[in-house]
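Since the structure comes first, as structure tokens, the remarks are kept for the end.
Because the structure is predicted, anything quoted here is derived from the model rather than measured. Counting convention: from 1, in listed order, for ligands and their atoms alike. We use all heavy atoms of the structure for the numbers below, so side chains are in, but hydrogens, waters and symmetry mates are not.
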Amino acid sequence: MPHYDVIVVGGGVMGSATAYHLAKRGRRVLLLEQFAIGHDRGSSHGHSRIIRLAYDAPDYVRLAQAAFPLWRALEHEAGADLLLQTGGLDYALPGTPTFETTRATLTALGIEFEQLDRAAIGQRFPQFQLPDEILGIYQRDSGILDANRCVATLAAQARRHGADLRENEPARQLRAAGAGVEVRTDTASYAADRLVVTAGAWARPLLRQLGLDLPLTVTREQVAFFAPRNADGGSGDPDQFAPGRFPIFIHHATEGPAAYGFPIFGLPGVKLAYHQRGPVVEPESEERATDASITAALHDYLSRWIPGAAGDLLFSQTCRYTNTPDEHFIIDQHPEYPQIAIGSPCSGHGFKFGVLIGSILADLAERGTTEHPIGMFAIERF
Ligand SMILES: Cc1cc2nc3c(=O)[nH]c(=O)nc-3n(C[C@H](O)[C@H](O)[C@H](O)COP(=O)(O)OP(=O)(O)OC[C@H]3O[C@@H](n4cnc5c(N)ncnc54)[C@H](O)[C@@H]3O)c2cc1C
């Protein structure tokens with residue numbers, strides 16, 4: 001049976017990053033991915049993901065501070081453009097809990113940001129049509145990660161450092177074997193000293209094989225890209241939504257899901273989505289159709305708040321969230337088998353940390369601990 005230092009199961013952003021760091025540290029790594037790397041059935045595909053320091057909980061800010069330089073280092077190492085800094089605008093009505101805690105957290109941690117009222121937002125970003133009472137936070141470090149390119153780069157660099165990446169080879173059976181592990185696929189069995197499970201939406205059934213039933217639910221979420229339009233309904237000016245003139249944005253809602261969006265990047269339209277609006281689906285579900293009622297709601301949102309972006313629908317796509325009950329991640333060792341680390345249920349906001357989570361999972365696989373603050377992601381909280 002081939003023997004590795006570490007087997008990683010799941011080659012989305014988390015698994016590719018884990019394999020990358022382990023291989024770079026000189027470990028013999030096998031990464032098993034059930035489909036092709038970069039496929040569109042999980043959570044890591046698409047043109048863009050938000051990266052930001054502006055978070056409500058201090059440890060996410062600290063983790064984001066650690067993730068930024070790792071993405072930049074990866075860009076440098078691979079000669080790839082992955083991260084475009086655009087600045088980020090959060091806005092909400094006064095008293096909106098996630099907005100207020102984000103503002104308090106940034107202040108407490110000494111992160112520079114600007115507080116903008118409606119007039120100041122309108123002056124800087126006239127594309128928004130917001131109510132008088134609205135409050136904004138502008139944080140200049142926020143930006144966009146080119147998601148497809150990030151995953152492809154992590155996987156390519158993992159290979160370059162010697163990792164063995166096997167695509168279209170699902171792990172069928174995971175087993176603790178003494179102090180190590182064994183993994184069986186349709187074509188082979190592999191042994192390793194350590195196992196890292198980064199299986200995203202498929203994690204729950206897979207981890208049940210290891211006696212662990214985590215309270216994860218999978219939702220099918222939807223993003224849509226809309227063409228700019230002008231006041232009489234004709235084609236609008238795409239330049240007004242270009243990075244540099246238009247920020248990534250998050251609208252913190254008092255009720256209902258938050259909306260978030262991007263400047264034009266990757267496709268010729270403004271991308272908009274609701275956070276956690278989609279239906280719960282089975283992990284094995286192959287259903288990926290978009291829902292016209294969600295697309296219509298997104299268009300209505302733009303008509304009301306960013307009318308110059310409310311043109312024709314250009315493209316819509318689904319993607320899956322793997323949610324925990326408190327929306328925090330799970331990054332931990334298996335409670336019974338310390339040779340197994342788990343790290344990917346990221347409740348729809350994990351991509352920005354992907355390169356860092358890979359490094360943390362590599363730490364857990366190598367030495368069972370990490371210097372990064374992951375206490376709030378422990379399994380024992382459930
Ligand atoms: C619409 C949408 C918008 C998002 N926006 C943002 C954002 O703006 N900012 C942000 O930070 N995050 C965002 N996220 C969240 C982020 O994309 C995810 O947290 C992240 O991609 C999760 O990566 P993953 O590697 O855990 O999961 P996945 O990418 O799903 O990877 C898991 C992999 O495991 C493989 N696998 C499963 N079972 C097996 C098996 N038995 N054998 C082999 N392989 C297996 C799967 O095929 C899959 O490739 C968004 C997510 C979605 C869906």
Item to check | CA sep, side-chain torsions, deciding dist, call: Arg172, Asp186, salt bridge (charged side-chain N to carboxylate O under 4.0 Å, His left out) | outcome: CA-CA 7 Å; Arg172 298 290 185 203; Asp186 293 334; 3.0 Å; yes

Checklist entry - Which ILVMFWY residues are connected to Val281, directly or by a chain of links, through side-chain heavy atoms under 4.5 Å apart? => result Val218

Please report whether ligand 1 has a polar contact with [X], defined as an N or O pair separated by less than 3.5 Å (distance criterion only).
| X | result |
| --- | --- |
| Val9 | no |
| Val13 | yes |
| Glu221 | no |
| Ala201 | no |

Return the closest protein heavy atom for [atom] as residue, atom name and distance.
| atom | result |
| --- | --- |
| atom 29 (O) of ligand 1 | Ser44 OG, 2.5 Å |
| atom 30 (O) of ligand 1 | Ser43 N, 3.0 Å |
| atom 53 (C) of ligand 1 | Cys319 SG, 2.3 Å |
| atom 34 (O) of ligand 1 | Gly10 CA, 3.1 Å |
| atom 9 (N) of ligand 1 | Ile50 O, 3.0 Å |
| atom 41 (N) of ligand 1 | Ala171 O, 3.0 Å |
| atom 35 (C) of ligand 1 | Glu33 OE1, 3.2 Å |
| atom 5 (N) of ligand 1 | Arg49 CD, 3.3 Å |

Need the ligand 1 atom indices (1-based, order shown) with element for anything under 4.0 Å from a heavy-atom of [X].
| X | result |
| --- | --- |
| Leu32 | 43 (C), 44 (N) |
| Gly42 | 30 (O) |
| Gly12 | 25 (O), 29 (O), 31 (O), 33 (C), 49 (O) |
| Thr198 | 32 (C), 33 (C), 34 (O) |
| Phe35 | 47 (O) |
| Cys346 | 19 (O) |
| Arg320 | 53 (C) |
| His39 | 46 (C), 47 (O), 48 (C), 49 (O) |

Checklist entry - Are any of the heavy atoms in Gln317 under 4.0 Å away from ligand 1? => result no

Item to check | Interatomic distance, Leu53 atom CG to Ile111 atom CD1 [nearest 0.5 angstrom] | outcome: 5.5 Å

Next on the checklist: Please report the interatomic distance CG(Asp312) to CZ(Phe225), rounded to the nearest 0.5 Å.
Outcome noted: 15.5 Å

What part of [X], side chain from CB on, backbone N/CA/C/O, both or neither, has a heavy atom under 4.0 Å from ligand 1?
| X | answer |
| --- | --- |
| Met14 | both |
| Tyr260 | side chain |
| Val223 | side chain |
| Thr322 | neither |
| Leu206 | side chain |
| Trp202 | side chain |

Quick one: sort the [X] and [Y] rings into parallel, tilted or perpendicular, breaks at 30° and 60°.
| X | Y | value |
| --- | --- | --- |
| Phe353 | Tyr60 | tilted |
| Phe35 | Trp202 | perpendicular |
| Tyr91 | Trp305 | tilted |

[Y] versus [X], side-chain donor and acceptor atoms under 3.5 Å:
| X | Y | result |
| --- | --- | --- |
| Glu77 | His161 | yes |
| Thr96 | His252 | no |
| Tyr190 | His3 | no |

Item to check | Lys/Arg cation over aromatic Phe99: Arg103, 6.0 Å, 45° cone | outcome: no

Counting the benzene-type ring for Trp, do [X] and [Y] have ring centres under 6.0 Å apart?
| X | Y | answer |
| --- | --- | --- |
| Tyr260 | His251 | no |
| Phe249 | Phe262 | no |
| Phe128 | Phe246 | yes |
| His349 | Phe329 | yes |

Checklist entry - Given Gly261, Gly348, Ala36, which one has a non-hydrogen atom that is nearest to atom 13 (C) of ligand 1? => result Gly348

Checklist entry - Can you tell which of Gln209, Gln34, Arg166 gets a heavy atom nearest to atom 37 (C) of ligand 1? => result Gln34

Next on the checklist: Go through it in stages, so that I can follow the logic: the residues are Asn323 and Gln276, the test is side chain to side chain contact (heavy atoms under 4.5 Å, CB included), and I'd like the CA-CA distance, side-chain angles, deciding distance and then a yes or no.
Outcome noted: CA-CA 9 Å; Asn323 304 287; Gln276 284 181 332; 2.9 Å; yes

Item to check | Single hit among Glu169, Arg166, Gln34 for side-chain hydrogen bond (donor to acceptor under 3.5 Å, both in side chains) with Thr185 | outcome: Glu169

